[in-house]
Amino acid sequence: MPVFSYLHQLFSADTCHAYIHMLRWKERSLRCPRCQSHAVGPWGTYHYRPGCKRYRCKGCRRTFNDLAHTLLAQSKRSLVYWLLATFLLCLSCSSRRIARELGVHIRTSYRWCWWLRNAALSYEMQRQLEGTVEADELYHTAGRKGQAQQGGKKPLGRRPRRRCKKREPGRGHYDKDRPAIIAWVSRQGPVVVQAVRDFTVTTVQKAADLAVQTGSRLYTDSASSYRALKGYVHEFVNHTQKEYARGDVHENRAECLFSLIKPYLRVFRGIGKINLPGYLGFFQFLWNVRHQNAFEQAELILPAALDPTRSCQ
Ligand SMILES: [Zn+2]
């Protein structure tokens, strides 16, 4: 690691590898990742990777290490980079910021960020809310940020936006570069944030079936797509009549969540609509483990990244 400060030197390769070894084999005892045999023995070290121990399986007679078959297996950077990148990601830094702090290329940190975000998403894939749930929607401008696949100038298929993008008339839609975001906030604590193409009855019904258990109590505003929902006990407040709370019926938690999502998304300085679900999914993960600090959140992501069955590249 290029030495930028004395703080960086406090991270030694040996300590990091010992920590990763503990995380990888915490829930399953040391075994061969190929044949699952427990008959393994030490088999030296790597001269180009200080701290990393090598093992040999007596069953299939092949060697492996703590990183075999995981996201981090082929990485040429030392583990110090990965640990710091995961920590900075939990502070919701952009990939450009992480590249600057670690001294790696922007493309490297961008790739790592998505790998780690996807690893974190494995915690959130099955989440369904129950009890009393509040819902609200937001339209967010998300265009086609990023370069063309083959490099060079990207064909936009429209006039460049330049500054001061004029919004197209009517409600937001994926095709108008303004997809909708629906937040489902349970009063028990957990949330589900979804990016959807539009805000029609069919879309909202599908989103609700995924996010909220049937039979739950649902509090929303008076949008007609919510009123047509089937399978829930539904009550709403009428914002056009300046009604924001009627006893227990309100959606202020959902509105509050949007006031936090907006600054979170602003950090990335405009996002592509293809990436919007990924960013929101990671926000959902961060918010659902909000009682833990960034170090503890990073400790949740790393085991998922080190689990060969869970992490997806
Ligand atoms: Zn084996």
Side-chain angles (χ1 to χ4, degrees), residues 92 120-121 123-142 167 170-266 271 273 275-291:
S92 42
L121 276 179
Y123 286 99
E124 298 296 325
M125 295 309 275
Q126 306 299 326
R127 191 173 291 280
Q128 242 196 348
L129 306 180
E130 52 186 359
T132 309
V133 179
E134 298 175 14
D136 199 8
E137 81 284 356
L138 170 90
Y139 296 96
H140 192 273
T141 307
R167 280 182 201 160
R171 279 182 174 268
H173 191 284
Y174 187 85
D175 296 335
K176 289 194 220 166
D177 285 353
R178 201 163 163 76
I181 301 171
I182 310 182
W184 310 90
V185 184
S186 164
R187 292 210 173 156
Q188 277 74 40
V191 301
V192 170
V193 189
Q194 292 166 324
V196 287
R197 285 180 64 82
D198 49 29
F199 200 63
T200 54
V201 176
T202 343
T203 318
V204 177
Q205 180 73 52
K206 269 188 205 162
D209 291 340
L210 280 175
V212 188
Q213 264 184 21
T214 323
S216 308
R217 186 170 283 274
L218 207 61
Y219 293 156
T220 65
D221 55 20
S222 57
S224 56
S225 297
Y226 293 127
R227 285 198 259 171
L229 281 179
K230 292 190 180 70
Y232 303 97
V233 186
H234 181 222
E235 286 192 70
F236 61 91
V237 284
N238 199 335
H239 286 181
T240 41
Q241 289 176 5
K242 299 263 165 81
E243 184 192 41
Y244 293 98
R246 189 177 64 250
D248 209 21
V249 185
H250 63 79
E251 44 142 27
N252 291 345
R253 284 164 211 237
E255 308 247 13
C256 169
L257 191 72
F258 279 129
S259 75
L260 295 164
I261 289 181
K262 282 180 202 167
Y264 164 79
L265 291 177
R266 208 170 291 145
I271 50 183
K273 54 187 171 185
N275 292 333
L276 187 63
Y279 284 116
L280 290 176
F282 189 64
F283 178 85
Q284 179 187 324
F285 166 79
L286 286 183
W287 187 248
N288 284 331
V289 291
R290 62 188 175 278
H291 49 275

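Side-chain atoms of Gln284 come within 3.5 Å of backbone atoms of Val193 as a donor-acceptor pair (strictly under, hydrogens ignored). Checked by atom type and distance alone, the side chain of Thr214 never pairs as donor or acceptor with a backbone atom of Gly231 at under 3.5 Å. Listed for the Tyr232 side chain is a donor-acceptor partner under 3.5 Å among the backbone atoms of Ala208. A distance-only check finds a donor-acceptor pair linking the side chain of Lys176 to the backbone of Arg171 [under 3.5 Å]. Without hydrogens or angle criteria, Gln128 side chain to Asp209 main chain gives a donor-acceptor distance under 3.5 Å. A distance-only check finds no donor-acceptor pair linking the side chain of Tyr123 to the backbone of Asn288 [under 3.5 Å]. Between the side chain of Glu243 and the main chain of Asn238, a donor-acceptor pair closer than 3.5 Å is present. A donor-acceptor pair under 3.5 Å is absent between the side-chain atoms of Asp198 and the main chain of Tyr174, judged by distance alone.
No side-chain heavy atom of Thr220 sits under 4.5 Å from any side-chain heavy atom of Glu137. Looking at Leu260 and Arg290, their side chains never come closer than 4.5 Å, going by heavy atoms from C-beta outward. Side-chain contact between Arg127 and Val191 is absent, with no heavy-atom pair separated by less than 4.5 Å.
Both cation-pi conditions hold for Arg227 and Phe236: the charged atom is under 6.0 angstrom from the six-membered ring centre and inside a 45 degree cone around its axis.
One distance of note links NZ of Lys262 with CD1 of Ile181; it measures 9.5 Å at 0.5 Å rounding. Considering CD of Gln205 and OG1 of Thr200, their distance stands at 11.0 Å, rounded to 0.5 Å. Atom CG of Leu210 and atom CE of Met125 lie 10.0 Å apart (nearest 0.5 Å). Distance CZ/Phe283 to CD1/Ile261: 4.5 Å, rounded to 0.5 Å. To the nearest 0.5 Å, atoms OG1 (Thr141) and CD1 (Ile271) are separated by 10.0 Å. Rounding to the nearest 0.5 Å gives a distance of 14.0 Å between NE2 of His140 and NZ of Lys273.
The shortest non-hydrogen separation linking His239 to Glu251 is CE1-OE2, 2.9 Å. The heavy-atom pair separating Leu280 from Ala195 by the smallest distance is CD1-CB, 3.7 Å. The shortest non-hydrogen separation linking Pro179 to Leu276 is CG-CD2, 3.7 Å. Residues Ala183 and Phe258 approach most closely at CB-CZ, 3.7 Å, considering heavy atoms. For the residue pair Pro190 and Leu129, the shortest heavy atom distance occurs at O-CD2, 3.7 Å.
Pairs passing the ring-ring contact (aromatic ring centres under 6.0 Å, His included) check and including a residue from residues 176-196, sequence neighbours excluded, do not occur.
Using bins of under 30°, 30° to 60° and over 60° for the plane-to-plane angle, the ring pair Tyr226/Phe199 lands in the perpendicular bin.
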Test side chain to side chain contact (heavy atoms under 4.5 Å, CB included) on Arg197 and Asp175; report intermediate values, then the result. CA-CA 8 Å; Arg197 285 180 64 82; Asp175 296 335; 3.3 Å; yes
Apply side chain to side chain contact (heavy atoms under 4.5 Å, CB included) to residues Lys206 and Gln194 and explain how you reach the verdict. CA-CA 11 Å; Lys206 269 188 205 162; Gln194 292 166 324; over 6 Å; no
Candidate pair Arg187 and Asp248, rule salt bridge (Lys or Arg N to Asp or Glu O under 4.0 Å), full reasoning: CA-CA 11 Å; Arg187 292 210 173 156; Asp248 209 21; 3.2 Å; yes
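A salt bridge does not link Arg253 to Asp136: none of the charged nitrogens lies less than 4.0 Å from a carboxylate oxygen.
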